[in-house]
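All ligand and atom numbering here is 1-based and tracks the order in the structure. Computed from heavy atoms alone, side chains included, the values below leave out hydrogens, waters and symmetry copies.
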Amino acid sequence: MTTETDDLMKKLVSLCKRRGFVFQSGEVYGGLQSAWDYGPLGVELKRNIETSWWNFMVSTRTDVVGMDSAIITHPDVWMASGHLKHFHDPLVDCLKCKGRFRQDQVEGNVCPDCGGELTEPRDFGLMFRTSMGALEGESATVYLRPETCQPIFVNFRNVVTATRQKLPFGIAQMGKAFRNEITARNFIFRSREFEQMEMEFFCTPEEADRWFEYWLEQRLEWYARLGITDGNLRTRRHEEGELAHYASGCVDIEYRFPFAPGGWGELEGIANRTDYDLKAHMEMSGQDLSFQDQVSNEKIIPFVIETSGGIGRTMLAVLLDAYREEIVEGRERVVLGLHRELAPIKVAVLPLSRKLDDPAEEVFRMVSPHLPSVFDVTGSIGKRYRRMDEAGTPFCVTFDFDSLEDSMVTVRERDSLGQIRTPIDTLVNTLNEIMAEGWPEG
Ligand code: ATP
């Protein structure tokens, strides 16, 4: 990492803590490495990303349904999926400083921290294992899911029976996943507990290539809708030798993460998983997971196109993309130029003076049932604007002494710093319009 990119990450991590986006987990006890807690603004931003994904992938479509499976899973799920056998990373130790690294993330066989010699690589299992119930021993061993997609495959027949979906159709799920990563680094980019958003699209083998290209396009469109700068996204097709054991084709959607080797890091993978998973679970469980066509009565094992992204990584990309420092009226300000749909707070209502707290609070009570809002009275108006700029709040509504006379308030927009004076009784409509259509030009 160069000093400049290192600085950017330091500044962003500091802003995330200062404004309540992300905290180090267990900080008062020295912190638990690679575990993160989402604060008041972080939980809202995360939820807005999740809602956007769910709306795009499930709610607005007729061919994708959702589910939410248990995190603690039956060991046979991971036996059948190949995780117990294959889900390892190559671990190397430094003989000098005792640091541990993933072999494929270090160059040569010299420690990246101290230059010491590294051991030969050995397999390190990435799944978190625990035991369930009062019983001791193997029979009670269970695993925290390392990905959200396997429970989708295991529930394939249940979902088909319950929803009567016909091919092609998808099942989507988002939620926690756990991996005991050897080196969990770079803030929320790689943690041991994280959240995924995955969708498995079941189709005939003949149509799999077409659906693969379709979903790749859809997923790129979703990232663009989050306001991520076009030039900061790219796609990368996997080479033959790089493909996972279950996949016949894979494209990563990558973001220009400042710390990533080569400048680009994975946000999401789109993969053709063929019929690998359904077949594996059929074999292990002895249950029939094929799909029976109602018209032809033909039974097929569908192919699967998967879209598999991370919520934390998306949030980090969105934050990095939105972060900027600029000079306004001779003073430096830090702004999170978040897309207004993602902004945790949409509107801040600010009385110009403490003497105006009561009527301004009435304005807050009008707006807050309609749009996520805050009422902020502490510090000078300039300080409050700066605080809201750092929180990514797109609109500030200022109640001043004239408001008492003319029943109007001033709406200030975060990026252009444009202002409009607008009547209080139609303020909610005005704000809703701006939320839907953007700030009026000129
Ligand atoms: P990487 O190569 O970076 O380890 P991966 O290829 O193993 O990632 P997948 O198994 O394809 O990742 O998981 C799908 C998505 O889940 C990733 O694109 C990423 O957004 C997210 N993800 C995976 N591992 C982590 C992690 N340890 N922390 C945060 N997000 C993760």
Side-chain angles (χ1 to χ4, degrees), residues 22 25 32-38 42 46 49-50 53 57 78 81-83 86-91 101-106 124-128 144-153 172-200 215-216 219-220 222-223 226 228 233-239 241-247 249-257 259-273 276-277 304-320:
V22 182
S25 187
L32 182 62
Q33 209 219 337
S34 84
W36 302 96
D37 295 342
Y38 290 84
K46 191 156 73 71
I49 291 171
E50 289 164 359
W53 187 82
M57 299 295 285
W78 309 111
S81 68
H83 279 76
H86 297 289
F87 203 48
H88 301 122
D89 274 341
L91 168 73
F101 307 94
R102 229 171 91 174
Q103 189 211 18
D104 56 337
Q105 289 177 350
V106 292
F124 179 79
L126 295 176
M127 279 200 291
F128 279 95
L144 303 188
R145 63 184 186 202
E147 59 183 29
T148 52
C149 65
Q150 290 304 324
I152 293 180
F153 300 126
Q173 146 149 268
M174 60 188 172
K176 294 257 171 164
F178 302 81
R179 296 182 187 177
N180 199 6
E181 300 273 3
I182 295 170
T183 41
R185 287 194 175 160
N186 298 323
F187 197 33
I188 51 177
F189 179 84
R190 187 180 302 285
S191 44
R192 297 197 168 99
E193 173 178 343
F194 57 97
E195 276 154 285
Q196 289 189 314
M197 19 191 201
E198 297 196 293
M199 193 277 307
E200 310 301 317
W215 280 111
L216 174 59
R219 298 304 304 138
L220 285 167
W222 183 72
Y223 286 105
L226 299 187
I228 294 182
L233 281 177
R234 74 167 192 188
T235 55
R236 190 181 67 81
R237 236 162 250 267
H238 283 213
E239 308 281 332
E242 197 190 344
L243 289 171
H245 63 277
Y246 51 76
C250 186
V251 170
D252 285 346
I253 297 178
E254 299 183 328
Y255 180 77
R256 205 189 283 274
F257 285 109
F259 46 76
W264 296 90
E266 176 182 331
L267 270 181
E268 168 156 349
I270 321 294
N272 180 346
R273 297 183 72 115
Y276 179 90
D277 304 272
V304 174
I305 306 303
E306 169 180 86
T307 71
S308 172
I311 297 175
R313 284 191 193 179
T314 303
M315 179 157 153
L316 183 56
V318 158
L319 286 167
L320 282 164

request  = Report the part of Glu268 in contact with ligand 1, treating N, CA, C, O as backbone and CB onward as side chain, heavy atoms under 4.0 Å; options are side chain, backbone, both, neither.
outcome  =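 Glu268 to ligand 1: backbone contact only, side chain stays beyond 4.0 Å.
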
request  = Check each heavy atom of Arg102 against ligand 1 and say whether those closer than 4.0 Å belong to the side chain, the backbone, both or neither.
outcome  =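 The side chain, only.
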
Matching residue for [X] among [options] - test: side chain to side chain contact (heavy atoms under 4.5 Å, CB included):
| X | options | answer |
| --- | --- | --- |
| Glu198 | Glu268, Glu306, Gln150, Gln173 | Glu306 |
| Pro146 | Trp78, Phe128, Phe178 | Trp78 |
| Arg179 | Arg192, Glu193, Glu147 | Glu147 |

Which residue and heavy atom of the protein sit nearest [atom], plus the separation:
| atom | result |
| --- | --- |
| atom 21 (C) of ligand 1 | Gly310 CA, 3.8 Å |
| atom 14 (C) of ligand 1 | Ser308 OG, 3.0 Å |
| atom 16 (O) of ligand 1 | Gln196 NE2, 3.2 Å |
| atom 28 (N) of ligand 1 | Ser191 N, 3.0 Å |
| atom 30 (N) of ligand 1 | Phe194 CD1, 3.4 Å |
| atom 6 (O) of ligand 1 | Glu266 OE1, 3.2 Å |
| atom 29 (C) of ligand 1 | Phe189 O, 3.1 Å |
| atom 7 (O) of ligand 1 | Arg179 NH1, 3.2 Å |

inquiry  = Suppose we call two aromatic rings close when their centres sit under 6.0 Å apart. Are Phe257 and Tyr255 close by that rule?
reply    =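 Aromatic pair counts; centres sit under 6.0 Å.
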
key: Aromatic ring proximity, centroids under 6.0 angstrom, Phe194 and Trp36   =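 No, too far apart.
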
inquiry  = With the threshold set at under 4.0 angstrom, would you say Gly312 reaches ligand 1 through any of its heavy atoms?
reply    =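 No, Gly312 has no heavy atom closer than 4.0 Å to ligand 1.
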
ask   = Is there a heavy atom of Arg190 sitting under 4.0 angstrom from any atom of ligand 1?
value =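 Arg190 counts as a contact of ligand 1 under the 4.0 Å cut-off.
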
Heteroatom proximity flag, Leu267 to ligand 1, N/O under 3.5 Å =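 Yes, since at least one N or O of Leu267 sits under 3.5 Å from an N or O of ligand 1.
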
request  = Can you sort out which atoms of ligand 1 are near Glu181, meaning under 4.0 Å from one of its heavy atoms?
outcome  =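 In order of numbering, the contacting atoms are 24 (N), 26 (C), 27 (N).
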
task = Check Ser34 against Ser191 and note the closest heavy-atom contact, atom names and distance.
result =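 Closest pair (atom of Ser34, atom of Ser191, distance): O-CB, 3.2 Å.
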
key: Pair Arg236 + Glu266: basic N to acidic O under 4.0 Å   =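 Not counted as a salt bridge, because no side-chain N and carboxylate O are separated by less than 4.0 Å.
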
message = Using a 3.5 Å distance criterion without hydrogens, assess whether the side chain of Arg145 forms a donor-acceptor pair with backbone atoms of Lys176.
response =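 The answer is yes, because a donor-acceptor pair under 3.5 Å joins these two groups.
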
message = Taking Phe189's backbone N and O only, do any of them form a donor-acceptor pair with Arg313's side chain (distance below 3.5 Å, no angle check)?
response =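 Here the side-chain-to-backbone pair exists.
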
